[in-house]
Amino acid sequence: MPKGYEPADVEARWNKHWEDNKTFSPNPAEVLSGEKQPYSIVIPPPNVTGALHMGHALNLTLQDILCRFMRQQGKSVLWVPGTDHAGIATQNVVERQLKKEGKKRDDLGREAFIERVWDWKKEYGDRILNQIRRMGASVDWTSERFTLDEGLSKAVREVFVRLYGEGLIYKGNYIVNWCNRCHTALADDEVEHAPKKGKLYRIKYPLADGSGELIVATTRPETLLGDVAVAVHPEDERYTHAIGKAVVLPLVGKQIPVIADAYVDKEFGTGCLKITPAHDMNDWALARTHNLEVIPVIDDTGHMNENAPEAYRGLSKTACRDKVVEDLEALGLLVDIADHDHSVGECYRCKSVIEPHVSEQWFVKVGPLAKAAREAVPSQTQIFPAQWEKTYYEWLDNIRDWCISRQIWWGHRIPAWTCQACGELLVQMEDPADLAHGCAKCGGALKQEDDVLDTWFSSALWPFSTLGWPEKTDKLKAYYPTGVLVTGFDILFFWVARMMMMGIHFQEQVPFHHVYIHALVRDEQGKKMSKSTGNVIDPLVMIDKYGTDSLRFTLTAFAAMGRDIKLSEKRIEGYRHFVNKIWNSARFALMNLPEAPKATLAQALENAPLANRWILHRLEEVKDEVESATLEYRFNDIAQGLYKFIWNEFCDWYVEMAKGDLYGEDEAKKDATRKVLLTVLSETMVLLHPVMPFVTQEIWSVLPGITDKELACQPYPVRRPECKSPQAARDMAFFQGVVGAVRTIRTELCIEPAKKLPLIIDTDGAFDGAQAVLTGNAHLIAQLGRIDSSDIGPGKTGPRASGTAVVEGARIFVPLKGIVDFNAEVARLDKELGKLDKQLAALKGKLSAPGFAGNAPADIVAAEQEKLAGLEDAKGKLAELQERLKSALTEEA
RNA sequence: GGGCGGAUAGCUCAGCUGGAAGAGCAUCGGCCUUACAAGCCGAGGGUCGCAGGUUCGAGCCCUGUUCCGCCUACCA
């Protein structure tokens, strides 16, 4: 094995191996026959336009941990990879490309443009998939899908046609969020709200009868041209006289009514609200209840249209605003302009300001779908962490109909045709064979809808469309519903809730049993990573520098539930050290495993030394920990449990203790320890494999005596209840305490590391068996504490001039006469005694507190009393040892 | 406006059902001890945001409060 771990080569090699061997392609038959339980995950499909970012890296890591773990648990695991066509985003990318060539999409025409996008997709769509490979994701590449591929398009059409048939899809003229730049409608949740500094203009609207005027407040004076009414609160005494009268609309000159509606806030502005139904969501709603006319004055490109007075026609809305203000001022109708902070809707794709706009659009009537989706949580689908349930409910409870039509070209074209002659609307699966003579009623020419569907419409079907629906495939039968959906909270609404709606409606089963919402990955300062801020940590760069396993482990270690991850490169670099540590521990093991050990584990366990019994005991505990942590999505606990076990226990203690046997002459001992070493290492590789697939697989493949070189297909390590040994744990803790005490004395008193020292231990007062632990492992204490001679037994006493400590009642003496300045040891013991005093005071206070003995459970009281006795014993002994030392010092002086 | 999350060692964070405050990194001291200096050994460092309350006992439960962060909403 090379001295240092070289990830690039290892990762490339195994990735190729896994894909060539279809290691992660399951067979549905093994589920349908009942041989295996299914476990499936559909990947949140990244945008084809996208490049892998840290959010993806985290998302993929967590899913991969679950998939690899479930394979170990004997499940038939299907992880479906794929990409999303991301309508607006992708179209924008290609349009930008065209712009560089000085062209617009209209120059190409619809078909040529779409072809162009496909070309682009073919060229760049694989990039993100290759990046998924580099993460080590154990997806089934034979199941890869794209939201716009043939099968999925069929699913989309089936859903659309059926929902239309059920009356859950309708078409109509409504006000929608309109992006002038993308030139399309957007759903409510595609609008982001950003605070903006704006102005509040107060404008006089004279009453038509000359009895005065009303003053309205607005942030968008140009919309005045489309006003159809002024509304006041019905109980606002200031204006009751005006209700029912008319005002003269400035600049336009026509009369509009003053209406009353409780929606108006008396406190805000002047209490008078101008109503522009065509350009404001709320005004639209008011107009509907009051039967007001809708007059659009801004067109779909953001310019004033023919409904505006001639002077303003053709102006952009900002230019128009300036002119309107100017003209109002000239007429003396402008009262004042004040600064005003408010939030403004922006397009989530291009950040342009959203213009409410009236147009003919398609909608999904979400009420019934949302109700079912709501009721399925948490009984059918559990959300982890559960706090997100509330957010999920909140959204579903307040949901409005979903605008699904988009005025772009890249996407699923709406399967509806209108007869140019009689106006008949056709919604059906198949394209009418001959558009020229298609109308069933009159034979008139049919024209397909120009609009395409919202990208999220196809995403909503992802959990079943990817499995082959509407065909009744084996895959669908075997793997639907999926086990878990792993995603960030930012698309809980966009995606998760809609998959729930569609899954329940079309499969009559929820799409997943669990939803795991993971953190957002932020930068060091906790800011969102973004290209414009320049604080992006690119996962691929990190992989190149530190290896995939380091990156994965880092993300796992920080993936505590319900908390954002603040990531910095230093952390990844730090965990690379861990990968290297694992590599080196394997190198050590292999150097000592020239061949597979002959002994069975049972044989190795006969009369096994403490080190072997202890590490096997800990291994059993770690198996339990890793399993429960994985099942409960406590990813950080998986990482931390394994880190501690491998580094602080296996490497720091076990390997050091095993060296004696491994380097020794006793062949039986050597073989037994080799067996334990190999067992622990190999099973640890299995446990760690879901988190670090590459380094573990590479090590596994060179372990002696292992026939199946494919680590990804190994079962979870068997449990060995016979290896659990609380006694070994206790003995080891004692042993570590003694070694630690000796080491502390050495370092604190500045004794040269090379200097070997004698050691005396009095085991009186320690637990039964303590004596045996120490004498049985005296050679190890000598090795680890640099001791040249030891004398261990009950009642033993060292010279007064010793460095001393008390461990679990046993007194430790390190004779140091002539070696060091004992004043330092006196001072050190003072410090130790001080600590003990503090603990004793706290404990005594607790025990003597009124009511403690009576109210606390008996076992707690007993435990506390035992602790007290232990502390008092230690303090007494240590104080006495210090006195002896002092007396030795005064004698010398 | 409504909701959610956070506040614990210098930094980043663990801490499950309340029972003597933990890890990693950083810092300090000592070591090239034949797997690993990407390493080993040792040490220091915290009134667990603030104020109350419940309890024999609170980082953990309750109430209030202050700062951060996020989500959501129709204040023109």
Side-chain angles (χ1 to χ4, degrees), chain A residues 1 3-5 189 193 200 216-220 223 231 263-265 267-276 280-283 285-286 340 342-343 385 387-388 390-391 394-395 398 489-490 492-493 520 522 524 526-528 557-558 560 562-568 570-571 573-592 628 632 634 636-637 640 643-644 648 651-652 655-656 659 663 740 743-748 750-754 783-784 786 838-840 842-843 846-847 849-857 859-861 863-864 867-868 871:
Chain A
M1 285 173 85
K3 196 170 175 191
Y5 174 61
D189 52 17
H193 294 272
L200 188 64
V216 303
T218 180
T219 53
R220 301 176 56 204
T223 61
Y263 163 76
V264 180
D265 182 354
E267 308 300 320
F268 188 89
T270 58
C272 295
L273 174 63
K274 66 186 216 45
I275 306 292
T276 323
D280 184 282
M281 296 285 178
N282 304 302
D283 293 3
L286 280 176
H340 180 66
H342 59 146
S343 82
Q387 75 214 28
W388 288 105
K390 200 168 175 178
T391 314
E394 199 115 329
W395 189 73
N398 298 313
F489 61 81
D490 46 336
L492 184 62
F493 309 137
L520 231 55
R522 299 172 177 281
E524 248 171 307
K527 286 195 210 105
K528 209 165 173 171
F558 284 94
R563 194 158 179 155
D564 285 348
I565 297 176
K566 288 187 200 166
L567 189 73
S568 78
K570 275 170 89 177
R571 294 170 199 293
E573 191 185 349
Y575 280 118
R576 179 185 53 167
H577 298 180
F578 180 47
V579 179
N580 204 52
K581 185 78 180 174
I582 295 165
W583 182 254
N584 277 300
S585 68
R587 277 181 63 223
F588 168 82
L590 286 161
M591 288 166 98
N592 290 286
S628 60
E632 291 163 28
R634 289 182 284 111
N636 56 324
D637 288 341
Q640 262 142 35
Y643 185 95
K644 182 180 173 216
N648 303 123
C651 291
D652 289 350
V655 164
E656 294 307 321
K659 279 177 180 171
Y663 297 160
R743 283 170 167 174
T744 302
I745 289 169
R746 295 192 67 112
T747 314
E748 294 263 300
C750 302
I751 298 164
E752 284 171 54
Q783 177 199 326
L784 299 176
R786 305 226 147 207
K838 246 171 122 179
Q839 289 174 21
L840 271 168
L843 199 53
K846 183 174 185 178
L847 278 162
F852 176 74
N855 291 335
D859 56 326
I860 297 287
V861 177
E864 297 290 312
K867 274 181 217 159
L868 180 67
L871 282 178

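All values below come from the heavy atoms of this structure, side chains included, with hydrogens, waters and symmetry mates left out. Quick note on labels: first sequence line is chain A, next is B, and so on, each numbered from 1.
Out of B:rA14, B:rA76, B:rG19, the shortest distance to the side chain of A:Thr219 is found at B:rA76. For A:Arg786, the side-chain atoms get nearest to B:rU33 when compared with the rest of B:rU33, B:rG3, B:rC41.
The aromatic rings of A:Tyr643 and A:Tyr575 lie perpendicular to each other, with more than 60° between the two planes, well past the 30° mark. Classified by interplanar angle (parallel below 30°, tilted 30° to 60°, perpendicular above 60°), the ring pair A:Tyr5/A:Trp583 is tilted.
Here, B:rC4 and B:rC11 have their P atoms 29 Å apart, quoted to the whole Å. The C1' atoms of B:rU8 and B:rC68 are separated by 16 Å, rounded to the nearest whole Å. The separation of B:rG22 from B:rU63, taken at their P atoms, amounts to 30 Å, rounded to a whole angstrom. On the P atoms, B:rU27 is 23 Å away from B:rA14, given to the nearest whole Å. Here, B:rG24 and B:rA20 have their C1' atoms 24 Å apart, quoted to the whole Å. Taking the C1' atom of each, B:rG29 and B:rU34 are spaced 26 Å apart, rounded to whole Å. Comparing the P positions of B:rC41 and B:rA23 gives an interatomic distance of 14 Å, to the nearest angstrom. A gap of 15 Å separates the C1' atoms of B:rA38 and B:rC32, to the nearest Å.
In this structure, A:Asn580 does not reach the B:rA38 phosphate: none of its side-chain N or O atoms is under 4.0 Å from OP1 or OP2. Taking side-chain N and O atoms only, A:Lys390 has no distance below 4.0 Å to OP1 or OP2 of B:rU72. For A:Lys566 and B:rC13, the shortest distance from a side-chain N or O to OP1 or OP2 is below 4.0 Å.
When each of A:Lys867 and A:Glu752 is assigned the nucleotide of RNA chain B with its nearest heavy atom, A:Lys867 is the one assigned upstream, toward the 5' end.
At a threshold of 4.0 Å, the pair A:Glu573-A:Lys570 does not count as salt-bridged, since none of the basic side-chain nitrogens sits closer than that to a carboxylate oxygen.
A donor-acceptor pair under 3.5 Å is formed between the side chain of A:Arg746 and the backbone N or O of A:Arg786.
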In dot-bracket, 5' to 3', how would RNA chain B read with Watson-Crick or G-U wobble pairs under 3.5 Å, [ ] for crossing ones and | for pairs to another strand?
-> (((((((..((((.....[..)))).(((((.......))))).....(((((..]....))))))))))))....
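Of all non-hydrogen atoms in A:Ile582 and A:Ser585, the two that sit nearest each other are O-OG, 2.7 Å.
Side-chain N/O atoms of A:Lys570 and base N/O atoms of B:rC25 include no donor-acceptor pair closer than 3.5 Å.
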